[in-house]
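Reviewing the structure listed below.
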Amino acid sequence: MKNFEISKLLRNVAAVYSIKDEKKYRFQLLAYQKAADAIESLPTELNDLYKENKLQGIDGIGPTIQSRLTELLKTGKVQHFEEIMKEIPKSIFPLLDIPGFGPKKAYKLVTQFNLKNPDTVIVDLENIAKKGDIANLPGFGEKSQADVLRAIKEFKLGKGKSTRMTLPYANELARIIITYIEKSDAVLAAYPLGSLRRGKDTIGDIDIAVSTNKPQEVLDHFINYPFKERIIERGDRTSSMLVSSGRQIDLMVQSPEGFGALLQHFTGSKAHNVHLREYALSKGLSVSDFGIKKKKDEKAAYKKYKTEESFYEALGMQWIPPEMREDTGEIELALQHKLPELIKLSDIKGDFHLHSNFSIEESHDSGQNSMEEMIEEALRLGYKYLGFSEHNPSIGNHTEKEICTLLEKRLKYIDKMRLKYKNFIRIFSLLEIDILASGKLAIPESAFAYLDAAIVSIHSSFAMNRENITERILQGLSHPKAKIFAHPTSRLINQRAPIELDFEKLWNFCKKNDKAFEINAAPQRLDLTDILIREAVNKGITLIINTDSHAIDQMNLMKYGVTVARRGWATKRDILNTMDYNKLTSWFSNEATKGGE
DNA sequence: GCCGTTTTCGGCCCGACTGTTTTCAGTCG
């Protein structure tokens with residue numbers, strides 16, 4: 001069973017508790033939801049942890065749920081779950097994926113109309129709504145019947161949150177909406193918040209906060225957005241709409257005097273906010289998006305905060321960078337004023353994963369721009385050095401000698417560039433070399449003479465088991481010139497699942513042998529992921545952020561790599577390409593032991 | 001059911017909005 005299936009099962013358990021007796025099981029229900037969250041953000045398959053006897057100690061999973069998970073992974077089912085689910089029709093579960101459907105509504109509809117087949121329940125319900133039978137149910141009416149129809153229709157079309165956006169897409173959508181919002185004179189400031197501000201690798205919907213003294217004017221303006229598809233809701237201080245691309249935009253307004261608290265609230269994450277508010281309660285304070293007040297004093301007005309800094313300060317904390325706000329220890333550190341100083345884009349001094357159009361008859365796609373053009377762009381970005389790393393010449397079409405000839409020709413050209421730009425930027429001769437299914441690298445030994453170092457990566461035969469593919473990579477990395485392992489999990493967001501690796505083994509090998517893991521900044525990769533970066537940072541693994549650019553306009557995607565590195569709590573010291581040129585060259589030549597300044 | 005710079009027991013974030021209701025239930029973030 002995969003993690004996503006297990007977390008879904010736990011959410012279903014929570015739904016069943018809520019149907020049975022929401023009040024009685026209120027905290028069990030929460031515990032199961034929290035456990036599901038915890039499993040979703042695990043870097044490792046639970047099943048692997050179970051096999052290695054490492055199921056204990058996961059944050060958010062206590063002894064009871066741990067024993068249920070053990071039973072699940074051992075026998076494929078859980079006695080307790082079977083029992084509590086006995087009298088709840090399984091057909092409610094598919095409905096829970098539809099926005100607007102919660103456990104209660106799903107249960108009511110499924111039992112009222114005796115819908116027993118989980119495979120057809122959505123269509124069955126749609127047909128019943130079309131007949132007009134839902135409107136007569138107690139607690140339902142014409143509008144809620146129309147809502148059911150609309151919700152099912154939108155769900156089938158994949159609108160709302162069925163697929164998550166990549167960061168550049170979400171950024172652009174937010175920019176368009178904010179440009180529109182700012183046309184209203186009532187808007188003093190408007191910012192994108194939520195997971196976009198936290199820099200998550202994928203974004204569900206766009207959250208926007210507006211500072212204003214005239215909330216009604218702002219909301220009126222917002223709901224008149226010309227490219228809207230539908231207004232989901234419109235209240236006194238919030239509104240939501242679907243825009244024509246099917247994406248959801250959530251808006252919240254606040255006065256400028258209280259805007260700090262709204263920034264904090266709407267940035268999230270939920271887990272961060274809950275923890276923050278629980279901590280505040282322990283100090284006798286109640287926190288909301290309006291501000292902070294004394295807990296017992298129900299009538300008292302919230303004390304307002306203009307900025308986030310003053311808000312966190314009022315709770316005795318350092319301001320916490322949005323990328324860290326996932327409730328994974330940042331609140332405790334902020335209380336001690338010991339947050340790490342995260343890496344910044346301006347710390348980056350070069351990019352080592354660049355594909356130019358210099359042809360060496362590569363195995364995979366070549367770049368679109370010349371080396372000169374890429375160098376000029378690197379200069380524009382203020383870089384001190386860069387590395388060219390085209391794909392290796394295809395092995396099927398070339399003899400070993402031909403491969404050497406091609407790389408020699410390329411090195412000569414790189415030398416020409418080195419001369420031309422010698423006063424401005426340093427250039428490394430790298431290559432992105434396939435680790436073949438056998439574990440061998442895809443160029444002959446003699447060809448390494450033309451390289452300063454090599455990036456190694458996997459581009460085929462992904463479907464190997466965890467153990468074999470880990471061995472394959474270790475073998476590829478064991479070459480002394482193989483210094484960087486690129487896009488380690490090979491995932492493509494919304495397209496290709498990550499490969500499963502034994503990171504424990506890989507970390508240990510890389511630490512011992514001075515190899516770096518790449519943080520690939522391409523927004524469809526972001527690989528390593530934030531969680532794995534955090535692990536690597538904890539283990540003291542050297543990391544490097546590269547764009548994998550195949551054209552000059554991709555070179556500015558470095559910012560996404562830096563963002564994901566920040567989400568992994570990486571500091572400048574953890575990142576190879578923040579180092580000075582001299583330290584870098586000694587690292588590449590296996591003379592150094594650990595990066596940093 | 002979880003968890004501890006608030007405790008190993010006694011707590012568990014805070015608020016908005018809609019629809020069907022006359023004071024609330026359900027869903028969402």
Side-chain angles (χ1 to χ4, degrees), chain A residues 10 13-15 17-19 22-38 58-69 80 95-96 98-109 134-148 151 160-161 193-195 204-207 209 215 219 231-240 248-254 261-262 264-293 295 298 302 316-317 327 331-336:
Chain A
L10 297 186
V13 170
Y17 273 133
S18 130
I19 291 164
E22 175 144 25
K23 284 213 174 88
K24 184 175 166 192
Y25 296 115
R26 187 161 153 228
F27 298 110
Q28 277 93 329
L29 185 163
L30 236 53
Y32 275 95
Q33 282 169 349
K34 214 169 179 182
D37 290 341
I58 300 171
D59 244 6
I61 297 178
T64 306
I65 294 184
Q66 190 196 315
S67 80
R68 308 248 195 263
L69 292 174
H80 174 69
L95 293 177
L96 298 180
I98 302 173
F101 281 81
K104 306 270 182 62
K105 195 197 261 186
Y107 182 71
K108 235 185 228 171
L109 290 168
I134 291 179
N136 303 323
L137 246 47
F140 289 79
E142 288 294 337
K143 278 192 175 167
S144 40
Q145 175 169 279
D147 268 354
V148 167
K161 293 165 196 174
L193 304 179
S195 51
D205 52 25
I206 305 285
D207 299 320
L219 288 159
I231 303 298
I232 296 169
E233 60 179 44
R234 196 274 199 217
D236 289 337
R237 49 184 303 262
T238 74
S239 176
S240 295
Q248 184 172 332
I249 319 290
D250 295 338
L251 186 82
M252 287 187 92
V253 299
Q254 187 63 270
L262 180 63
Q264 195 289 317
H265 165 76
F266 214 14
T267 298
S269 65
K270 183 183 171 186
H272 175 87
N273 286 359
V274 169
H275 190 165
L276 197 75
R277 289 167 185 196
E278 278 173 355
Y279 171 76
L281 273 183
S282 76
K283 298 287 170 196
L285 300 170
S286 176
V287 165
S288 81
D289 48 320
F290 291 103
I292 304 174
K293 68 175 182 184
K295 180 188 172 185
E298 281 183 17
Y302 281 100
M317 296 177 198
D327 189 26
I331 288 175
E332 290 81 357
L333 285 183
L335 280 167
Q336 302 169 42

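In the text below, chain A, chain B and the rest are named by the order of the sequence lines, each starting its count at 1. What you see is a predicted model; the values in this text were computed from it and never measured.
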Determine yes or no for a side-chain-to-main-chain donor-acceptor pair under 3.5 angstrom, with A:Gln254 supplying the side chain and A:Ala209 the backbone. no

Does A:Gln145 reach the main-chain N or O of A:Ile134 with its side chain, forming a donor-acceptor pair under 3.5 Å? yes

Measuring only the C1' atom in each nucleotide, how far is B:dT6 from B:dC13? A whole number of Å is fine. 16 Å

Per nearest nucleotide of DNA chain B, the residue lying toward the 5' end, A:Leu219 or A:Lys23, is A:Leu219

Interatomic distance, CZ@A:Phe266 vs CG@A:Asp207, rounded to 0.5 Å, equals 4.0 Å

Length of the CZ-C1' vector between A:Arg26 and B:dC2, whole Å: 14 Å

Remember a base hit wins even if backbone is also touched, and classify A:Leu335 as base, sugar-phosphate or nothing at under 4.0 Å, heavy atoms. nothing

Measure the shortest side-chain to side-chain distance between A:Ile232 and A:Gln248 over non-hydrogen atoms and say whether it is less than 4.5 angstrom. yes

Within the 4.0 Å heavy-atom criterion, would you say A:Gly60 contacts the bases, only the backbone, or no part of the nucleic acid? sugar-phosphate

Rounding to an integer number of angstrom, what distance separates B:dG15 and B:dG10 when you compare their C1' atoms? 25 Å

Gap between atoms CG and P, on A:Leu95 and B:dT27 respectively (whole Å): 11 Å

With heavy atoms under 4.0 Å as the rule, sort A:Lys270 into base, sugar-phosphate or nothing. base

A:Arg277 side chain near B:dC14 phosphate (N/O to OP1/OP2, under 4.0 Å): no

Rounded to whole angstrom, note down the P distance from B:dT21 over to B:dT27. 16 Å

Nucleotide B:dC13, atom P - distance to CG of A:Asp37 in whole Å: 14 Å

Send over the distance from A:Lys105 NZ to B:dA25 P, rounded to a whole Å. 16 Å

What is the pairing partner of B:dT8, taking Watson-Crick or G-U wobble pairs with both distances under 3.5 Å in any strand? none

Using the C1' atom in both, what is the distance from B:dA25 to B:dT20, to the nearest Å? 9 Å

Contact under 4.0 Å: A:Ser144 side-chain N or O vs B:dT20 OP1/OP2: yes

Which of the following nucleotides, B:dC13, B:dG1, B:dC17, is nearest to the side chain of A:Asp236? B:dC17

Examine distances only and state if a side-chain atom of A:Ser239 and a backbone atom of A:Glu233 form a donor-acceptor pair shorter than 3.5 Å. yes

Looking only at side-chain atoms of A:Arg234, point me to the closest of B:dC2, B:dT18, B:dC3. B:dT18

Rounded to whole angstrom, note down the P distance from B:dT23 over to B:dC17. 22 Å

Regarding the side chain of A:Ser286, the nearest nucleotide among B:dC2, B:dC14, B:dC13 is B:dC14

Would A:Lys34 and A:Asp327 pass as an ion pair if we require N to O under 4.0 Å? no

Please determine if a side-chain N or O atom of A:Lys283 lies less than 4.0 Å away from the OP1 or OP2 oxygen of B:dT6. yes

Could you check whether A:Pro138 gets within reach of a base, just the sugar-phosphate, or nothing at all, counting any heavy atom under 4.0 Å? nothing

Is A:Phe27 stacked on the base of B:dC12, meaning ring centres closer than 5.5 Å and planes within 30 degrees of each other? yes

Has A:Thr64 got a side-chain N or O lying under 4.0 Å from the OP1 or OP2 atom of B:dC2? yes

Under 4.0 angstrom, heavy atoms only, what part of the nucleic acid is A:Ser240 near: base, sugar-phosphate, or nothing? nothing

For A:Glu142, report the nucleic acid contact type (base, sugar-phosphate, nothing); a contact means any heavy atom under 4.0 Å. sugar-phosphate

Within this structure, what is the CZ-to-P distance between A:Arg237 and B:dG15, rounded to whole angstrom? 10 Å

The nucleotide from B:dC2, B:dC14, B:dG1 with an atom nearest the side chain of A:Tyr32 is B:dG1

Let me know the distance between CD of A:Gln28 and P of B:dG11, rounded to the nearest Å. 17 Å

With heavy atoms under 4.0 Å as the rule, sort A:Phe101 into base, sugar-phosphate or nothing. sugar-phosphate

Report yes if some heavy atom in the side chain of A:Pro63 is under 4.5 Å from a heavy atom in the side chain of A:Gln66; otherwise report no. no

5′-ward residue of the pair A:Val274/A:Glu22 relative to DNA chain B: A:Val274

Between B:dC9 and B:dA16, how far apart are the C1' atoms? Round to whole Å, please. 34 Å

Just the rounded figure in Å: distance from P of B:dC17 to CG of A:Asp289. 10 Å

Side chain of A:Ala31 (C-beta onward), nearest among B:dA16, B:dG1, B:dG19: B:dG1

Give the rounded distance in Å between these two atoms: CG of A:Leu30 and P of B:dG11. 17 Å

